[in-house]
Amino acid sequence: MADARIYADLKADHDRHRDLLQRIDAASGDERAELFEEFRVEVSAHAAAEEEALYATMLANPDLRDEARHSVSEHKEIDDYLGEISKLDPASNEWNQRFAEMRHRYEHHIDEEEEEMFPAAAEELSDAEEARIAKVFEERKPKELEIAESSEAGDDRD
């Protein structure tokens with residue numbers, strides 16, 4: 001069902017990410033760099049926990065496998081952008097350009113998840129599967145936050 005806890009958890013993270021993107025766009029200097037690092041840590045943790053919780057289950061379901069693969073590839077694309085942007089000067093035109101590209105791709109990704117993937121998963125997955133997925137996500141995300149916070153910005157992570 002579309003109002004299951006896992007989808008609410010993921011949507012709440014997406015809403016925080018949208019807010020951070022707006023704040024980064026409006027900021028400058030050190031504040032911009034700090035907000036970007038907060039976004040990088042948050043999105044990295046979210047993506048890792050989401051992949052372990054929801055995507056792993058979707059990959060095991062033939063009717064959901066293609067959507068999960070697509071989303072995993074978009075996570076990798078965003079991660080690549082985050083690594084590249086973190087190496088740039090936040091005051092530079094190149095930073096602004098790459099951030100705008102990343103923001104567009106990320107907002108497209110989360111809109112696609114919310115409008116297409118979550119409803120498709122809600123159709124296919126049982127209430128018990130969704131409850132298990134929510135538990136895995138809620139337990140995994142704080143651990144992933146610790147990992148993302150301890151990693152240096154721009155490290156290559158595969």
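These numbers come from a predicted model, not from an experiment.
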A.B. asks: Is a side-chain N or O of Ser44 found less than 3.5 angstrom from the main chain of Val41, in a donor-acceptor match?
C.D. replies: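 Checking the backbone N and O of Val41 against the side chain of Ser44, no donor-acceptor pair under 3.5 Å is found.
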
A.B. asks: Does the side chain of Arg103 reach to within under 4.5 Å of the side chain of Gln22, using non-hydrogen atoms?
C.D. replies: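 Result yes, sub-4.5 Å side-chain heavy-atom pair found.
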
A.B. asks: Is there a side-chain contact between Glu74 and Glu112 in this structure, where contact means two heavy atoms from C-beta onward sitting under 4.5 Å apart?
C.D. replies: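 Contact flag for Glu74/Glu112 side chains = yes.
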
A.B. asks: Could you state the interatomic distance from CD1 (Ile24) to CD1 (Ile85), rounded to the nearest 0.5 Å?
C.D. replies: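 The distance works out to 9.0 Å.
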
A.B. asks: Nearest 0.5 Å please: distance from the CD atom of Glu139 over to the CD atom of Glu52.
C.D. replies: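 Result: 10.0 Å between the selected atoms.
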
A.B. asks: Side chains of Phe36 and Leu20, heavy atoms from C-beta outward: is any pair under 4.5 Å?
C.D. replies: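 Not in contact.
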
A.B. asks: Does the side chain of Glu124 reach to within under 4.5 Å of the side chain of Thr57, using non-hydrogen atoms?
C.D. replies: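 In short, these two side chains do not touch, never coming nearer than 4.5 Å.
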
A.B. asks: Is the backbone N or O of His70 less than 3.5 Å from a side-chain atom of Ser73, with the two atoms forming a donor-acceptor pair by type?
C.D. replies: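 A pair under 3.5 Å: yes.
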
A.B. asks: Using atom types as modelled and distance alone, determine if a side-chain donor or acceptor of Arg65 lies under 3.5 Å from a backbone N or O of Leu59.
C.D. replies: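 Confirmed, Arg65 side chain pairs with Leu59 backbone.
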
A.B. asks: Using a distance-only test with no angle check, is there a side-chain donor-acceptor pair under 3.5 angstrom linking Glu144 and His46?
C.D. replies: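 Side-chain D/A pair, Glu144 to His46: absent.
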
A.B. asks: Between Arg40 and Ala148 (side chain of the first, backbone of the second, donor and acceptor by atom type, cut-off under 3.5 Å), is there such a pair?
C.D. replies: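 Yes, because the side chain of Arg40 sits within donor-acceptor range (under 3.5 Å) of the backbone of Ala148.
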
A.B. asks: Nearest 0.5 Å, please: how far is CG in Leu10 from CD1 in Ile133?
C.D. replies: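 Going from CD1 on Ile133 over to CG on Leu10, the span is 9.5 Å.
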
A.B. asks: Could you grab the distance from atom CG of Asn61 to atom CD of Glu129, nearest 0.5 Å is fine?
C.D. replies: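 One gets 7.5 Å once the value is rounded to the nearest 0.5 Å.
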
A.B. asks: Does Tyr106 form a ring-ring contact (aromatic ring centres under 6.0 Å, His included) with Phe99? I'd like the steps, not just the answer.
C.D. replies: CA-CA 10 Å; Tyr106 186 69; Phe99 174 78; over 10 Å; no

A.B. asks: Taking the side chain as C-beta and beyond, is there a heavy-atom pair between Leu54 and Met117 under 4.5 Å?
C.D. replies: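 Yes, their side chains come closer than 4.5 Å.
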
